[in-house]
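Below: the structure, in C-alpha cells.
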Protein chains: 2
Amino acid sequence: MNASISPADGPFPSPGHDHSHCVETAIARAERLCAERGARLTGLRRQVLELVWQSHGPIGAYDLLDRLRGLRSGAAPPTIYRALDFLIEQGLVHRIARLNAFVGCDHPGAPHQGQFLICTACGSSAELVEPEIAGAIDRGAAALGFRVDTRTVEVTGLCPRCQSR
Amino acid sequence: MNASISPADGPFPSPGHDHSHCVETAIARAERLCAERGARLTGLRRQVLELVWQSHGPIGAYDLLDRLRGLRSGAAPPTIYRALDFLIEQGLVHRIARLNAFVGCDHPGAPHQGQFLICTACGSSAELVEPEIAGAIDRGAAALGFRVDTRTVEVTGLCPRCQSR
DNA sequence: GCTCATATGTTATAATGTAACGCCCATGAA
DNA sequence: TTCATGGGCGTTACATTATAACATATGAGC
Ligand SMILES: [Zn+2]
Ligand SMILES: [Zn+2]
Ligand SMILES: [Zn+2]
Ligand SMILES: [Zn+2]
C-alpha cells in the first residue's frame, strides 16, 4: 500500500496517493491558522474547505454546491460563494480565473499569490511558488512605472503523467 | 492640439491622446495581416474590432454587444462571441480572464500571449511583452516536468497616472 | 435575558457564455 | 446553368457563473 506517501510527494501527486491524508492535513493546518488569527472556521466553512480538497483538481462553485447539498440540504449559491470568499481571504483557497474554479492552497500561512500549472488533459493543477516569476513581472511593471498589487499566473499544458501517454 | 501623438506614445497613453488614430492604425494592421493570411476580416468582424479599440480599456462582451446594436439592430450574444473568437484566433484581440473582458492586441503579427497590467483605479490596461517572464515561468514549469502550452499573466495595480493622484 | 455583530438561510436576479438550427451567399464542380 | 459545399451570420433558447437583498439564526459579551 502507499498510505504512507505524504501530501508533499510532489505538486502532481501520483494517482494512487492517499488523498484523504492530504485533506486531513489541509484541514488541520487551516484550523491552526484560523485559531492563531482569531478567524472563525465555522462548520460550513470547514465543510466547503474539505470539499475543495476532496476534489483532485480545481472545482467549480456549482460542483461544490452539488456536493455540499449532500451534507446541507438547503445550500444555495450564496452559501458556497460566501464560504469561498472567507477561505480565499484567509489564503486557504485560490481561485483560478481561467477556469472559474477553486483549489486548495498548498502553502497556506506564507503570504503569496497563486501561480498555477493546469493540465489540459487530466484537469489536475499544481501550485508553483517561484519568486523569479514575481520578480520578472515586477521588473517589467516597474519599467512602465506600474505599481503592482496582485499577480495572476496561470499556465496550461501537460503534466508529467499526461505527457507520457 | 495633440493629434500628432502616435499610438506608440506609451502603453499607458495620456488621456488626451488621439485615440481615433490608434483605432485606425489597428484596423489597418488587421486588414493587412488578414489579407496576408487569407483570413476573412468581414464587415461584422471589423466593426467588432473597431468597437474593442474604441474602448479605452478592456471591455466586456455585453458592453460590446450594446454598442454593436447601434450599428446592427439584430445583434445577439453569439454575434459578438463569434466575432471575438475569430479576432482572438488571429491574435488581434486578447481576452483578460480576471475581468471577463477583451482588449485589442498592441503587437499583432508577432506570435505571443498577452501579459497585462491592469489599473484598478482607472480600468486601463497595458500589454507587456517580457520574454523574461515567460522564461521564468518555463523554468518553473520545467522543474516540475510540466510541458507549457499557454501562459496567462494578469497583474493588477496602479498605472503611473493613478499613482500620482 | 439583552444586544450587537457575524454567519447563514432564502429568494430572486444579474452577468457571462454556448448549443442548435436555418438562411444566405460565394465558390466551384458537374 | 444547376447543384452541392462550406463559411458566416441571424435567431431562439438555454447553460453556467455570480451577486443583491432581505430574513433568520447563532453566539459572544454585557
Ligand atoms: Zn497558495
Ligand atoms: Zn495531466
Ligand atoms: Zn498582444
Ligand atoms: Zn490608472
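The chains referred to below are lettered A, B, ... by the order of the sequence lines, with proteins before strands, and numbering in each begins at 1. Keep in mind that what you see is a predicted model, and the values were worked out from it rather than measured.
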B:R72, nearest nucleotide to its side chain (from C:dG17, C:dT8, D:dG10) = D:dG10
inquiry  = Over all strands shown, is B:R45 touching base, sugar-phosphate only, or nothing at heavy-atom distances under 4.0 angstrom?
reply    = sugar-phosphate
message = Given D:dC9, D:dG8, C:dA19, identify the nucleotide with an atom nearest to the side chain of B:P78.
response = C:dA19
request  = Look at the side chain of A:T79 and decide which nucleotide, out of C:dT16, D:dG7, C:dT10, has an atom nearest to it.
outcome  = C:dT10
Candidates C:dT18, C:dT8, D:dA18 - which lies nearest the side chain of A:P77 = D:dA18
query = Between the base of D:dG7 and the side chain of B:R82, is there any donor-acceptor pair under 3.5 Å?
reply = no
inquiry  = Heavy atoms from C-beta onward define the side chain here; which of C:dG17, D:dA18, D:dC9 lies closest to that of B:T42?
reply    = D:dC9
request  = Report yes or no: is the ring centroid of A:Y62 under 5.5 Å from the six-membered base ring centroid of D:dT16, with the two planes under 30 degrees?
outcome  = no
query = Under 4.5 Å between any side-chain heavy atoms of B:V155 and B:F116, yes or no?
reply = no
message = Quick check: do A:V148 and B:L117 have side-chain heavy atoms less than 4.5 Å from each other?
response = no
message = Determine whether the aromatic ring centres of residues A:F102 and A:H94 are separated by less than 6.0 angstrom.
response = no
key: Donor-acceptor under 3.5 Å (A:T120 side chain, A:G157 main chain)   = yes
